[in-house]
Amino acid sequence: MTPGARVQAAIEILDRILDGGAAERELTVWARGSRYAGSKDRAAVRDHVFDALRTLRSSAWIGGEAEIAPGIARSIMAGRLIGEDVDVKSIFNGQGHAPEPISPPVDLGPAPDAVRLDMPDWLLPILRADLGSAAEHVALALRTRAPVFLRANIARITRQDLLAKLSEEGVAAEPDAASPTAIRLTGTPRGLTALPSFRDGLWELQDAGSQALVDRIPASPDARILDLCAGGGGKALALAARGPEQVFAHDAHPARMRDLPARTARAGARISQITAPEGAAPFDGVVADVPCSGSGSWRRAPDAKWRLTEARLTELTQTQDAILDRAIALTRPGGWIAYMTCSILARENADRAAAALSRHRNVAIRDQWSSLPVDGGHDGFHVCLLKRES
C-alpha cells in the first residue's frame, strides 16, 4: 500500500468509529477484508487511526471542524497530518487509492483548552480539580503513544537473565524502575508473541504501573488470595509468580478468562478459576481490580475517552461500590482488600475508599498509592489497601 492508501484506509475506519463502532473491532474487520495489506500496512493503518483518536479534537480543529461528528474523518486525518508537519498535498492526491485532494481547512483560530488538550468539555474541570497543576501535563501525555512493557516471570527467570535472552532474540529492552519485574521495550514491538521466550512462559505483556500495583499487595507463602475481577488474569498471574499458596480467579463474565488456562500453563503457575467465590470464602486477601473509566490507560484505548459520559462515570462508581462491598464480605477478619483501578479520577479512587469506610466500620485504610501517565512512562493506576479488622 502507498502512504496515501494507508491514510485512506484509516479515514474509512475512523469514519466507522465516529459512527459508533469500537476501534479494535473496526480495525479487525478491515484487516480481515483487506488481504492485500501486509503486516507493515496493517501496523501503519492502525497507527494512523490510534494517533487520530488520541488527538481527536485538536486534529479536527486544525482540519477546520469545531465539533466531532460522523463524516469528518477526512478533516481529522488532514488536521492530524498538518499538526505533524506532513505535506498533506502529497498524501491527499487521489492517486493509487489515496484520498482525493482536500481544500485548505478553515482557520478556526486559537483552540479552547479542552480542544487543545484533547479532553471532553465536561471532564477537563474534573481533571483539574483532581490533579491540580499536573492536569495539563497528564492530558498532554495521554495524547501520545504508550510504551510497551513486559513482566518477567520471576518464577522461571530473573529480570537480568530475561534481558539477556531478549537481546539474543533481537529485542531491544531495558529494566524499568517502576517494578523489579518490569522491562521497557526500546525498539519496535513487533512479533513479540512469536518469540521463544514468550512461548516458554518467561514473560507476559503488562504495563509497569500495573506491575507496581501488584508489588504493593501482601502475598505471604501460606496466603489464599482471590482475584475477584480477574479479566484476562494478568494480576493473578503476577501474584502467582510471587508464590502464595493458593490464587483463585473469578470474573462476573467468565468468558473474559477464556485465555487464562493457556496463560497459566505457559507460565507454569497454579491458579484456580471459580464461579462462586462465596463458596470458597473467607480469603486472606481479595484483589478488586474494578471496572472503571480506564482514564489512566487512554493512550492505549483512546476511543474510550470519547465514549465516557458523566452518567456512565456515575454508573461505574456505583458498580465499584458494590464490588468493594462484596470483596470486604469475602475477606476474613484480619485480612486485606486491594481496591484497584486504572483510573486517574478521584471519584473512582480515593472517594470510593472513603465511601467504603463510611459503610463499613470494621474496615481501615492501610495504604493508598497512585501513579500518573506522564513523561512517556507507565499508565495511571490507583490502589487502596484496606484491612478488615473484624
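On a predicted model such as this, the values are computed, not experimentally measured, just so you know.
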Q | Evaluation steps, salt bridge (Lys or Arg N to Asp or Glu O under 4.0 Å), between Asp47 and Arg145 | A | CA-CA 9 Å; Asp47 287 346; Arg145 297 184 191 183; 3.4 Å; yes

Q: For side-chain contact (heavy atoms from CB on, under 4.5 Å), just list the numbers for Thr264 and Arg270, CA-CA rounded to whole Å, side-chain angles, deciding distance to a tenth of an Å, and then say yes or no.
A: CA-CA 7 Å; Thr264 300; Arg270 291 190 304 161; 5.9 Å; no

**Q.** CA sep, side-chain torsions, deciding dist, call: Leu308, Trp122, side-chain contact (heavy atoms from CB on, under 4.5 Å)
**A.** CA-CA 10 Å; Leu308 184 67; Trp122 67 270; 4.0 Å; yes

Q: List the steps, then state whether side-chain contact (heavy atoms from CB on, under 4.5 Å) holds for Asp41 with Arg6.
A: CA-CA 7 Å; Asp41 295 321; Arg6 290 171 172 177; 2.8 Å; yes

Q.
Does Gln246 form a side-chain hydrogen bond (donor to acceptor under 3.5 Å, both in side chains) with Ser272? I'd like the steps, not just the answer.
A. CA-CA 8 Å; Gln246 289 180 287; Ser272 301; 5.5 Å; no

Q: Before giving the answer on side-chain contact (heavy atoms from CB on, under 4.5 Å), spell out for Leu127 and Leu345 the whole-Å C-alpha distance, their side-chain angles and the decisive distance to 0.1 Å.
A: CA-CA 7 Å; Leu127 200 67; Leu345 304 177; 4.0 Å; yes

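A salt bridge links Arg266 with Glu204: at least one charged nitrogen is closer than 4.0 Å to a carboxylate oxygen. Remark: Lys235 does not engage Asp227 in a salt bridge, criterion side-chain N to carboxylate O under 4.0 Å. Salt bridge absent: Asp19 and Arg16 never bring a charged side-chain N and a carboxylate O closer than 4.0 Å. Using a cutoff of 4.0 Å between basic side-chain nitrogens and carboxylate oxygens, Arg128 and Asp113 are scored as salt-bridged. Between Glu65 and Arg74 there is no salt bridge, since no side-chain nitrogen of the basic residue lies less than 4.0 Å from a carboxylate oxygen of the acidic one. The pair Arg300-Asp207 meets the salt-bridge criterion, since a charged nitrogen lies less than 4.0 angstrom from a carboxylate oxygen. For Asp303 and Arg307, the salt-bridge test passes: some basic side-chain N is under 4.0 Å from an acidic carboxylate O.
Side chain of Trp298 to backbone of Ser293: a donor-acceptor contact under 3.5 angstrom is found. Formation of a donor-acceptor pair under 3.5 Å by the Gln368 side chain with backbone atoms of Val383 is not found in this model. Judged purely by atom type and a 3.5 angstrom limit, Asp176 has no side-chain atom pairing as donor or acceptor with the backbone of Ala182. Using modelled atom types, no side-chain atom of Glu389 and backbone atom of Pro333 make a donor-acceptor pair closer than 3.5 Å. Checked by atom type and distance alone, the side chain of Ser34 never pairs as donor or acceptor with a backbone atom of Ala31 at under 3.5 Å. In this structure, the side chain of Ser179 engages the main chain of Thr181 through a donor-acceptor pair within 3.5 Å. The main-chain N or O of Asp379 is found under 3.5 Å from a side-chain atom of Ser371 such that the two form a donor-acceptor pair. The closest donor-acceptor contact from the side chain of Arg184 to the backbone of Val148 lies at 3.5 Å or more, if one exists at all. Side-chain atoms of Trp61 do not come within 3.5 Å of backbone N or O of Glu67 as any donor-acceptor pair.
The structure places CG of Leu163 at 8.5 Å from OG1 of Thr158, a figure rounded to the nearest 0.5 Å. To the nearest 0.5 Å, atoms CD1 (Ile157) and CD1 (Ile154) are separated by 12.0 Å. Taking SG from Cys384 and CG from Asp367, the interatomic distance works out to 8.0 Å, rounded to the nearest 0.5 Å. One distance of note links CD1 of Ile72 with CG of Asp15; it measures 8.5 Å at 0.5 Å rounding. Note: Ile11 CD1 to Met77 CE = 5.5 Å, rounded to the nearest 0.5 Å. Note that CG of Leu205 and OG1 of Thr193 are 8.0 Å apart. Values are rounded to the nearest 0.5 Å.
Heavy-atom minimum distance, Arg216 versus Leu385: O-CD2, 4.0 Å. Annotation for Ala230 and Asp251: closest pair N-OD2, 3.4 Å, computed over non-hydrogen atoms. Residues Ser343 and Ser295 approach most closely at OG-OG, 3.2 Å, considering heavy atoms. Considering all non-hydrogen atoms of both residues, Ala37 and Trp30 come closest at CB-CH2, 3.8 Å. The two residues Cys292 and Leu316 make their nearest non-hydrogen contact at C-CD1, 3.7 Å. For the pair Arg224 and Phe283, the tightest heavy-atom approach, listed with the atom from each and the gap, is O-CB, 3.6 Å.
Contact check for Val374 versus Leu140: no side-chain heavy atoms found under the 4.5 Å cut-off. No side-chain heavy atom of His378 sits less than 4.5 Å from a side-chain heavy atom of Pro373. Residues Leu386 and Thr331 fail the side-chain proximity criterion, which asks for heavy atoms closer than 4.5 Å. Using a 4.5 Å heavy-atom threshold, the side chains of His360 and Arg388 count as separate. Side-chain contact between Val287 and Leu226 is absent, with no heavy atoms from C-beta onward closer than 4.5 Å. The shortest distance between side-chain heavy atoms of Leu150 and Leu166 falls below 4.5 Å. In this structure, the side chains of Ile217 and Leu239 come closer than 4.5 Å at one or more pairs of heavy atoms. Side-chain contact between Phe248 and Pro277 is absent, with no heavy atoms from C-beta onward closer than 4.5 Å.
Judged purely by distance below 3.5 Å, without hydrogens or angles, the side chains of Thr186 and Glu174 never pair a donor atom with an acceptor atom. Using modelled atom types, one finds no donor on one side chain facing an acceptor on the other under 3.5 Å when comparing His382 with Thr341. No side-chain donor from either of Thr317 and Glu348 sits under 3.5 Å from a side-chain acceptor of the other.
In the displayed structure, Arg326 atom CZ is contacted under 6.0 Å by more than 12 heavy atoms of other residues, nucleotides or ligands.
The side-chain hydrogen bond (donor to acceptor under 3.5 Å, both in side chains) with Asp118 is formed by just one residue from the set Lys305, Arg143, Arg57; it is Arg143.
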Taking only distance into account, with no hydrogens and no angle test, what donor-acceptor pairs under 3.5 Å do side-chain atoms of residues 80-87 form with protein atoms, sequence neighbours excluded?
{"residue": "Arg80", "atom": "NH1", "partner": "Thr55", "partner atom": "OG1", "Å": "3.4"}
{"residue": "Asp87", "atom": "OD1", "partner": "Lys89", "partner atom": "N", "Å": "3.3"}

Throw together a table of side-chain donor-acceptor distances under 3.5 angstrom for residues 91-106, partners on residues two or more places apart or in other chains.
{"residue": "Asn93", "atom": "OD1", "partner": "Gln95", "partner atom": "N", "Å": "3.0"}
{"residue": "Asn93", "atom": "ND2", "partner": "Ser90", "partner atom": "O", "Å": "2.9"}

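Taking the ring axis of Phe50 as reference, the NZ or CZ atom of Arg46 stays within 45° of it and closer than 6.0 Å to the ring centre. Judged by the 6.0 Å and 45° rule, Arg151 forms no cation-pi pair with Trp203.
Taking hydrophobic clusters as Ile, Leu, Val, Met, Phe, Trp and Tyr residues chained together by side-chain heavy-atom distances below 4.5 Å, Val7 shares a cluster with Leu18.
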